[in-house]
2 protein chains.
Amino acid sequence: MDEVDLTLNEFLCFAIYTAEHAFTRLYKPLLDRLGLTYPQYLVIVALWEEDGASVGRIGEKLFLESNTVTPLLKRLETAGFVRRSRNPADERQVRIQLTDRGWALRKEVADVPGCVIQATGRDLPDLKRLRDEICALRDAIAAFNISTAGRRTETAS
Amino acid sequence: MDEVDLTLNEFLCFAIYTAEHAFTRLYKPLLDRLGLTYPQYLVIVALWEEDGASVGRIGEKLFLESNTVTPLLKRLETAGFVRRSRNPADERQVRIQLTDRGWALRKEVADVPGCVIQATGRDLPDLKRLRDEICALRDAIAAFNISTAGRRTETAS
DNA sequence: GAAAAATATATCGCGCGCGATTAAATCGCG
DNA sequence: CGCGATTTAATCGCGCGCGATATATTTTTC
């Protein structure tokens, strides 16, 4: 029965929504000079962690489906940052490997994280704490999404 | 000089990015039954707060530009939730007004906030604290974006 | 070993977010 | 009043995120 305020600024989700845009706008000029979008940057970072990952594995790391990742990877391939090849051991899988150019980005983005941290005006322990809280929130919501996935039609009252 | 980890899960921005998607997926089935997308829902909430707002005012509230808001409002108009009309006092402005159908949504979404709160598995004070922290973070980044807007070309080095 | 089920990726359409640009109305300054 | 500057929306193109679906490969089952 506890009345919930139907005001935009009351919503945590709205805060996250607008914060996400603020980060994208912050990254834009930093990544433009490398010819990367923010999601493309995330894929590159994922590949630095795990070069040769499959399309599905990259999607798993980024919480995205193949219908998003596949075209993104094709653009990265066209730009010369990655190579795409079928896995001989399982021809269903497509293996994504960084090119020399893809590895070279690692040096070129070296100052980016520092710049982003500076923009937040906070220290690292504080940012890590906040990150952990948001990850926990995300995981709780994702778990809820899965647990209710079967009974969508009865959600109303 | 302090070395920053170039790992996906280290990034606060990545946490925000994935949390934003988790929220969108959470809202999807709740809003589908009303024929609204999540950004459309935000616009409707903004109009409950301020019916008759201009396109620019709505963009201001949602941190969006007219090139995003205009087509979104046209879709809401087509769906019958809002009316769009020029402001007679200033013909440059387009005034957005909720229709009866738009106001009626207020009752139909009554259970949505509660459902979202439940999904987070947290209590209201905790959520409000987190929301305030994220808003502060967003505002810090947005201020930084503005303050450095003029000297984008020298950010390297 | 052949058919059925499961898995991995790709394709298509649509809505959003935004940079760049355009068009129209208003404002300001002489 | 007149004309340039400013303000407000709208348009266009592109990349992303995703639901729905298709295709190809592998695994399972009988």
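Throughout, protein chains are lettered first and strands after them, A, B, ... in sequence-line order, and every chain is numbered starting at 1. Please read these numbers as outputs of a predicted model, since none were measured by experiment. Because only heavy atoms are used, hydrogens play no part in the values below, and waters and symmetry mates are left out as well, while side chains stay in.
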Has B/Q40 got a side-chain atom pairing as donor or acceptor with B/T37's backbone, closer than 3.5 angstrom?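 A pair under 3.5 Å: yes.
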Would the distance check show the side chain of A/Q118 and the main-chain N or O of A/C115 forming a donor-acceptor pair, the cut-off being under 3.5 Å? no
Side-chain contact, heavy-atom cut-off 4.5 Å: [X] with [Y]?
X: A/L137; Y: B/L130; value: yes
X: B/V116; Y: A/F11; value: no
X: B/Y17; Y: A/P39; value: yes
X: B/V109; Y: B/V45; value: no

OP1 or OP2 of C/dT9 under 4.0 Å from side-chain N/O of A/K74: no
At a heavy-atom distance below 4.0 Å, what parts of residues 44-64 of chain B sit against DNA chain D?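 Output list: B/S54, B/V55, B/G56.
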Go through the steps to decide whether B/R33 and B/D111 satisfy the test salt bridge (charged side-chain N to carboxylate O under 4.0 Å, His left out), and finish with yes or no. CA-CA 13 Å; B/R33 52 186 169 130; B/D111 60 326; 3.3 Å; yes
The criterion is side chain to side chain contact (heavy atoms under 4.5 Å, CB included); which residues satisfy it with A/Q93, sequence neighbours excluded?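 So A/Q93 forms a side chain to side chain contact (heavy atoms under 4.5 Å, CB included) with A/S54, A/N87, A/D90.
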Counting any heavy atom closer than 4.0 Å, what does [X] reach on the DNA or RNA strands: base, sugar-phosphate only, or nothing?
X: B/N67; value: base
X: B/E65; value: nothing
X: A/R95; value: nothing

Nucleic acid contacts - residues 36-43 of chain B versus DNA chain C, non-hydrogen atoms under 4.0 Å: B/T37, B/P39, B/Q40
So which of residues 75-83 of chain B are in contact with DNA chain C, with a heavy-atom cut-off of under 4.0 Å? B/R75
Need to verify one output field. Residue with the more 5' nearest nucleotide on DNA chain C, A/T24 or A/S66?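 It is A/S66, whose closest nucleotide lies nearer the 5' terminus.
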Nucleotide C/dT7, atom C1' - distance to CZ of A/R86 in whole Å: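 It is 12 Å, rounded to the nearest whole Å.
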Looking at C/dG30, which nucleotide sits across from it as a Watson-Crick or G-U wobble partner, both distances under 3.5 angstrom, or is there none? D/dC1
After noting the C-alpha distance and the side-chain angles of A/R129 and A/D132, does the key distance pass the salt bridge (charged side-chain N to carboxylate O under 4.0 Å, His left out) rule? CA-CA 5 Å; A/R129 178 190 53 74; A/D132 290 342; over 6 Å; no
Within a 6.0 Å radius of atom CG on A/D123, are there more than 12 heavy atoms belonging to other residues, nucleotides or ligands? yes
CD/A/E10: more than 12 non-hydrogen atoms of other groups inside 6.0 Å: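 Yes - once you tally the heavy atoms of other residues, nucleotides and ligands closer than 6.0 Å, there are more than 12.
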Taking the nucleotide of DNA chain D with the closest heavy atom to each, which residue, A/E20 or A/E91, is nearer the 5' end?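 Looking at the nearest nucleotide for each, A/E20 comes out on the 5' side.
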Determine all donor-acceptor pairs shorter than 3.5 Å in which one atom belongs to a side chain in residues 76-85 of chain B; sequence neighbours excluded.
unit_1: B/E77; atom_1: OE1; unit_2: B/R84; atom_2: NE; d: 3.1
unit_1: B/T78; atom_1: OG1; unit_2: B/K74; atom_2: O; d: 2.9

Can you find an N or O donor on one side and an acceptor on the other, under 3.5 Å apart, linking the side chain of A/R92 with the base of C/dT7?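 A donor-acceptor contact between them is present.
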Verdict with supporting geometry, A/K61 and A/E49, salt bridge (charged side-chain N to carboxylate O under 4.0 Å, His left out): CA-CA 10 Å; A/K61 295 188 80 152; A/E49 283 175 44; 2.9 Å; yes
Outermost DNA chain D nucleotides near chain A [under 4.0 Å, heavy atoms]: D/dG15 to D/dT26
Relative to the ring of B/Y41, is the ring of B/Y27 parallel (under 30°), tilted (30 to 60°) or perpendicular (over 60°)?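 If you compare the ring of B/Y27 with that of B/Y41, the planes turn out tilted.
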